[in-house]
Amino acid sequence: MKFLVMNGVNLNLTGKREKSVYGTATLDEINAKIAAFCKASGDEVEFYQSNLEGELVNKLHEAFLKQSFDGIVFNAGAFTHYSYALRDAIAAIDVPVVEVHMSNVHAREEFRRKSVLSEVCKGVVCGFGANSYIAALVGLKD
């Protein structure tokens, strides 16, 4: 299988910001862990990160139009809570998307407890740090 792992706004600073919430591993280190998991499973993975909402929408469209992925693991960051553009893009494609968060968003600020993306995603994984991505991949494979 081939997967796309997408990361949204501010996730490029993972490992450098709010270490008590997101840990000390950088996004590159997390991606390396995901790549090793996929390689061991005989799967392929591509990574994409952007702080720009429109670029994330374009990447979802591209994944759909090229039919190049079997599933998408998506940590939209703060866009999760208000981006109807991303919600509509996910709803418009037939590639299964799993919403991912490293922190347990339900144990954090009130605004983080509402996702506008969840309704159009195949599933949601949160609270397991970098392993949230791995859990989402396992879910997509099954």
Please tabulate, for the side chains in residues 123-142, all donor-acceptor contacts under 3.5 angstrom to protein atoms that are two or more places apart in sequence or on a different chain.
{"unit_1": "N131", "atom_1": "OD1", "unit_2": "K33", "atom_2": "NZ", "d": "2.7"}
{"unit_1": "S132", "atom_1": "OG", "unit_2": "H101", "atom_2": "O", "d": "3.1"}
{"unit_1": "S132", "atom_1": "OG", "unit_2": "F128", "atom_2": "N", "d": "3.0"}
{"unit_1": "S132", "atom_1": "OG", "unit_2": "G129", "atom_2": "O", "d": "3.2"}
{"unit_1": "Y133", "atom_1": "OH", "unit_2": "N7", "atom_2": "OD1", "d": "2.5"}
{"unit_1": "Y133", "atom_1": "OH", "unit_2": "N75", "atom_2": "ND2", "d": "3.1"}
{"unit_1": "K141", "atom_1": "NZ", "unit_2": "D43", "atom_2": "OD1", "d": "3.3"}
{"unit_1": "K141", "atom_1": "NZ", "unit_2": "D43", "atom_2": "OD2", "d": "2.5"}

**Report entry** Euclidean distance, Y82 OH relative to S115 OG, rounded to 0.5 Å
**Finding:**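 Between S115 OG and Y82 OH, I get 12.5 Å after rounding to 0.5 Å.
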
Take Q49 and N51 through the test side-chain hydrogen bond (donor to acceptor under 3.5 Å, both in side chains) and record every step on the way to the result. CA-CA 7 Å; Q49 189 279 324; N51 292 316; 3.1 Å; yes

Report task. Give the intermediate values and the outcome of salt bridge (charged side-chain N to carboxylate O under 4.0 Å, His left out) for residues K39 and E44. Result -> CA-CA 7 Å; K39 183 177 181 181; E44 297 177 52; over 6 Å; no

Do [X] and [Y] sit in the same hydrophobic cluster, where Ile, Leu, Val, Met, Phe, Trp and Tyr count as joined when their side-chain heavy atoms come under 4.5 Å apart?
{"X": "Y48", "Y": "L27", "value": "no"}
{"X": "V97", "Y": "V57", "value": "yes"}
{"X": "V120", "Y": "L60", "value": "yes"}

Pairwise side-chain contact, [X] with [Y], heavy-atom cut-off 4.5 Å (strictly under):
{"X": "L4", "Y": "M6", "value": "yes"}
{"X": "Y84", "Y": "V116", "value": "yes"}
{"X": "L117", "Y": "F79", "value": "no"}
{"X": "F47", "Y": "I34", "value": "yes"}

Quiz item: Hey, are R87 and E99 close enough for a salt bridge, meaning a charged N less than 4.0 Å from a carboxylate O?
Solution: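 Looking at E99 together with R87, the answer is no, because their closest N to O distance does not fall below 4.0 Å.
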
Requested in this report: Pick out which of H61, E55, E62 makes a side chain to side chain donor-acceptor pair (under 3.5 Å) with K59.
Outcome: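 Of H61, E55, E62, side chain to side chain donor-acceptor pair (under 3.5 Å) with K59 is met by E62 alone.
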
Derivation of the side chain to side chain contact (heavy atoms under 4.5 Å, CB included) call for V98 and C121: CA-CA 6 Å; V98 176; C121 287; over 6 Å; no

| request: Could you tell me which residues satisfy salt bridge (Lys or Arg N to Asp or Glu O under 4.0 Å) with K122, sequence neighbours excluded, listed by chain and number? | output: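 Checked K122 against salt bridge (Lys or Arg N to Asp or Glu O under 4.0 Å); zero matches.
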
Closest approach of L56 to S50 (non-hydrogen atoms, all atoms of both residues):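 For L56 and S50, the tightest heavy-atom pair comes out as CD1-O, 3.8 Å.
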
* Mind listing the closest non-hydrogen atom pair of V95 and A63 along with its distance? =>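 Answer, listing the atom of V95 first, then A63: CG2-O, 4.0 Å.
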
Any donor-acceptor pair under 3.5 Å from T14 side chain to L11 backbone
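Between the backbone of L11 and the side chain of T14 there is a qualifying donor-acceptor contact (under 3.5 Å).
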
inquiry  = Keeping H81 on the side-chain end and K114 on the backbone end, is there a donor-acceptor pair under 3.5 Å?
reply    =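 Looks like yes, one N/O pair under 3.5 Å.
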
Acceptor/donor pairs from residues 66-74 side chains to any protein atom, 3.5 angstrom cut, sequence neighbours excluded:
{"unit_1": "Q67", "atom_1": "NE2", "unit_2": "F64", "atom_2": "O", "d": "2.6"}
{"unit_1": "Q67", "atom_1": "NE2", "unit_2": "D94", "atom_2": "OD1", "d": "3.2"}
{"unit_1": "D70", "atom_1": "OD2", "unit_2": "K2", "atom_2": "N", "d": "2.7"}

